[in-house]
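For reference, the structure is listed below as structure tokens.
All residue numbers refer to positions in the sequence shown, counting from 1.
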Amino acid sequence: MFPGGNTLLSAGLMSYGPDLDDIFRLSAGYVDRILRGANPTELPVQAPSKYELAINLKVAKMLGLDVPPSLLTIADVVIE
């Protein structure tokens with residue numbers, strides 16, 4: 001299990017972590033508020049609200065693992 005990124009493409013079986021596009025969107029909102037004069041110490045801490053599951057079927061096959069179809073249907077990214 002990997003937190004995401006290019007590791008999954010090369011050797012990882014699965015990754016589960018926050019959607020980076022969502023994190024960048026949240027960050028842009030913070031930057032905008034700070035540039036408009038908000039005090040950074042008064043801004044609330046926000047956790048990611050969107051997560052991404054990716055499965056590498058090539059690695060699963062190399063390891064002799066069968067990935068359940070129910071897991072494949074909920075995966076955001078499936079590498080074949």
Side-chain angles (χ1 to χ4, degrees):
M1 189 65 101
F2 293 93
N6 294 332
T7 308
L8 182 69
L9 296 175
S10 61
L13 174 61
M14 294 173 55
S15 73
Y16 184 71
D19 182 3
L20 294 180
D21 291 336
D22 189 46
I23 288 180
F24 293 141
R25 209 171 295 113
L26 287 173
S27 299
Y30 273 97
V31 170
D32 181 54
R33 291 166 71 180
I34 291 168
L35 292 176
R36 291 178 187 265
N39 185 348
T41 61
E42 295 175 358
L43 294 177
V45 175
Q46 291 183 329
S49 58
K50 191 174 177 186
Y51 290 83
E52 183 176 72
L53 172 64
I55 301 171
N56 190 333
L57 291 178
K58 288 180 189 176
V59 174
K61 185 177 180 181
M62 286 175 23
L63 294 172
L65 298 174
D66 291 324
V67 179
S70 60
L71 191 57
L72 292 174
T73 58
I74 64 170
D76 298 298
V77 177
V78 177
I79 300 169
E80 295 187 41

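To the nearest 0.5 angstrom, E52 atom CD is 11.0 Å from D22 atom CG.
The closest donor-acceptor contact from the side chain of D76 to the backbone of L53 lies under 3.5 Å.
Taking both residues in full, the closest heavy atoms of A75 and I55 are given as CB-CD1, 3.8 Å, listed atom of the first, atom of the second, then distance. When every heavy atom of E80 is checked against every heavy atom of K58, the shortest pair comes out as O-CE, 3.1 Å. Among all heavy-atom pairs drawn from G12 and V59, the shortest one is O-CG2, 3.5 Å. Here the shortest heavy-atom pairing between L26 and P48 reads CD1-CA, 4.4 Å.
Neither V31 nor L20 shares a network with the other; the hydrophobic side chains, linked directly or stepwise wherever heavy atoms of I, L, V, M, F, W or Y lie under 4.5 Å apart, form separate groups for each. M62 and V78 are not part of a single hydrophobic cluster, where members link through side-chain heavy atoms under 4.5 Å apart.
For the side chain to side chain donor-acceptor pair (under 3.5 Å) test, residues two or more places apart in sequence or in another chain that qualify with N39 are T41. Contacts of K50 classified as salt bridge (charged side-chain N to carboxylate O under 4.0 Å, His left out), with partners at least two apart in sequence or in another chain: D19.
D66 CG: 12 or fewer foreign heavy atoms inside a 6.0 Å radius.
When side chains are defined from C-beta on, M14 counts as touching L71, because their heavy atoms get closer than 4.5 Å.
With L57 as reference, V67 is the one residue of L13, V67, I79 to meet the side chain to side chain contact (heavy atoms under 4.5 Å, CB included) rule.
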